[in-house]
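We're numbering straight along the sequence, starting at 1. Atom set for the values below is all heavy atoms of this structure, side chains included, hydrogens, waters and symmetry mates excluded.
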Amino acid sequence: AEHIEFAPATEHNRICSWRPSIDKLGLKDFIQTIAGLELTGSGPHLNSFPLKPIPHTQDSGAPEWDKDPRLDALTLRDWQKMEPDRWVQLNHPDMVESFIDRNDDGKIDGGYVGLAQMIDGLETQNSNDSGILGNAPFRIGPDNVGLDKLYQSWEFMWLQMLNQGHHYTAMADCDAHEVWGNGVGTWRMYMPSKTDKPAEIDWRENVRHAKAGHSILTSGPFLQVQTEDGKLPGDTVQATSEIKIKVKVQCTDWIDIDRVQVLVNGRKPEELNYTRATHPAMFSNGVVKFDRTITVPLKEDSHVIVVAYGENTDLSIGYGTSAQGKMHPCAYHNPFYVDVDGNGFKPNGDWLDWPNPTKKMTVEEVRKRIGSESHVAPSRKTK
């Protein structure tokens with residue numbers, strides 16, 4: 001019903017396949033799938049596919065979870081048989097523990113050193129409103145008994161990690177744990193495909209595009225971006241002082257966007273902030289909301305991301321009274337990596353005006369820095 005064309009099966013801790021149900025319902029011409037799993041425990045969770053269900057075995061042949069995500073990633077990479085195109089993804093990450101401060105002593109130790117090279121993707125969106133345009137690596141919200149607690153903003157921390165040289169692909173998952181009460185998930189992904197026929201979709205092609213970062217994350221708006229010479233998100237681009245990006249945003253009749261912001265090395269230049277209020281001629285009211293070529297000036301090697309956002313609208317018409325109904329329409333893509341000096345792309349190391357974030361920060365310390373900007377109660381699955 002939602003026109004999902006490729007859906008890997010990633011149920012918790014058991015390898016499963018939706019192929020028998022799809023075939024039984026006569027839907028093989030409408031949706032493609034592949035067997036996989038989400039390996040979970042009281043710590044990092046990882047998605048992986050393809051895998052093969054083994055009938056009459058524990059968890060249909062799934063491996064056991066380990067607290068160290070590097071061991072899980074290595075196990076999944078070669079589970080059952082060597083598969084060079086297998087996808088391994090880290091879900092709802094504790095960005096501090098994984099990549100910054102593993103033992104929670106307030107000092108940078110690199111987290112699980114080497115993990116970034118062992119995963120293909122990193123979940124930055126599941127069932128939450130996006131913080132891609134936020135100004136802090138944390139949000140303040142209530143815990144289970146109503147007391148204020150810090151919650152990590154995966155999107156902001158992802159931008160910080162990009163500035164430190166991490167290149168894993170940002171991923172969005174529907175996170176549809178149940179049918180009632182959570183909008184049947186929210187976020188979707190788009191990437192190129194050689195075919196418009198779902199039955200002919202090649203999972204290997206999808207994985208190649210995903211590993212290359214040729215993908216869009218969205219809670220509704222359909223965002224298309226490419227450089228003038230046809231480079232896609234995730235590609236390295238050669239430039240001197242600027243690049244030109246073609247940006248097109250389309251929406252259904254119950255979604256709207258009123259802001260297009262270009263991020264340069266995670267920062268939000270005001271001259272690259274376009275809104276219906278400040279640039280009304282750049283926006284339309286039909287299916288196509290925005291269709292422009294944007295010139296992005298650059299002074300150094302930069303990763304560049306375009307964000308389409310509905311600041312004054314939500315998803316309530318489509319998602320009703322579920323938590324997702326309060327979310328803002330949002331779409332963004334994996335970065336273009338722009339090499340300005342011709343010596344290969346080099347990250348600038350910018351932590352975006354925050355100290356290297358550690359769990360030792362208190363609610364009051366964060367509140368003092370962000371004021372009232374972000375006092376948002378996160379969804380129940382935010383880690």
Side-chain angles (χ1 to χ4, degrees), residues 2 4-93 98 112 114-115 117-123 126-127 168-169 171-179 182 184-185 188-189 191 193 195 197-211 381 383:
E2 298 195 26
I4 295 171
E5 295 180 324
F6 178 68
T10 53
E11 184 55 89
H12 291 259
N13 285 338
R14 64 179 183 272
I15 301 173
C16 66
S17 174
W18 295 330
R19 174 64 59 195
S21 296
I22 289 172
D23 291 345
K24 183 178 180 179
L25 293 168
L27 297 176
K28 65 180 181 179
D29 290 336
F30 299 93
I31 184 169
Q32 181 62 279
T33 188
I34 195 164
L37 91 159
E38 181 179 12
L39 190 60
T40 69
S42 56
H45 297 182
L46 294 93
N47 276 3
S48 185
F49 63 84
L51 296 164
K52 182 179 179 181
I54 308 298
H56 313 300
T57 62
Q58 179 69 41
D59 301 326
S60 297
E64 292 185 8
W65 176 87
D66 191 280
K67 168 64 176 174
D68 191 327
R70 295 170 297 187
L71 296 179
D72 291 327
L74 290 172
T75 296
L76 290 168
R77 186 69 63 189
D78 297 328
W79 191 248
Q80 296 180 336
K81 68 174 183 177
M82 174 74 73
E83 175 48 75
D85 289 331
R86 180 165 291 146
W87 177 259
V88 177
Q89 169 184 323
L90 185 65
N91 290 340
H92 43 73
S98 293
Y112 289 101
L115 175 61
Q117 289 72 47
M118 297 179 182
I119 60 174
D120 302 311
L122 178 85
E123 182 185 62
N126 53 30
S127 58
Y168 31 64
T169 300
M171 300 295 294
D173 291 328
C174 69
D175 213 28
H177 283 66
E178 58 265 329
V179 174
N182 98 319
V184 198
R188 307 285 186 249
M189 296 194 69
M191 59 190 67
S193 176
T195 179
K197 298 179 180 179
E200 298 176 4
I201 288 175
D202 179 0
W203 71 265
R204 293 183 187 274
E205 181 193 17
N206 284 2
V207 168
R208 287 194 293 269
H209 282 304
K211 289 183 178 182
K381 285 184 284 296
K383 301 298 180 185

| note | To the nearest 0.5 Å, atom CG of Asn206 lies from atom CD1 of Ile201 at 6.0 Å
| Considering all heavy atoms, the nearest Ile119-Tyr168 contact | CD1-CD2, 4.0 Å
| To the nearest 0.5 Å, what is the distance between CG (Leu115) and CG (Leu90)? | 6.0 Å
| note | Residues Thr33 and Arg19: closest non-hydrogen pair is O-NH2, 3.6 Å
| request: State, with a plain yes or no, whether a side-chain heavy atom of Thr10 is found less than 4.5 Å away from one of His45. | output: no
| said: Can you give me the closest heavy-atom contact between Gly36 and Phe49, atom names plus distance? | reply: CA-CB, 3.9 Å
| said: Using every non-hydrogen atom in the two residues, find where Pro53 and Ile15 come nearest and quote the distance to one decimal. | reply: N-CG2, 3.4 Å
| Which atom of Trp87 lies closest to which atom of Ala210, heavy atoms considered | CZ3-CB, 3.6 Å
| said: I'd like to check Arg14 versus Glu38 (side-chain heavy atoms, cut-off strictly below 4.5 Å). Are they in contact? | reply: no
| Asp120 side chain to Val88 main-chain N or O, any donor-acceptor pair under 3.5 Å? | yes
| field | Pairwise salt bridge (Lys or Arg N to Asp or Glu O under 4.0 Å) hits with a residue in residues 78-90, at least two apart | value | Glu83-Arg204, Asp85-Arg204
| message | Check whether Gln80 reaches the backbone of Lys52 with its side chain - one donor and one acceptor, N or O, closer than 3.5 Å. | response | yes
| said: Can you tell me if Phe6 has over 12 outside heavy atoms packed within less than 6.0 Å of its CZ? | reply: yes
| field | Donor-acceptor contact below 3.5 Å, side chain Gln32 vs main chain Ala199 | value | yes
| field | Check: Asp72 side chain, Asp66 main-chain N or O, donor-acceptor pair, under 3.5 Å | value | yes
| Close side-chain approach of Thr169 and Leu122, heavy atoms under 4.5 Å | no
| query | So, the side chain of Trp65 versus the backbone of Pro44: is there a donor-acceptor pair under 3.5 Å, distance only? | reply | yes
| message | If I compare all heavy atoms of Arg188 with all of Ile4, which pair ends up nearest, and what's the gap? | response | NE-CD1, 3.9 Å
| query | For the side chain of Asn91 and the backbone of Glu123, is there at least one donor-acceptor N/O pair under 3.5 Å apart? | reply | no
| query | Counting only heavy atoms not in Lys67, do more than 12 sit closer than 6.0 Å to its NZ atom? | reply | yes
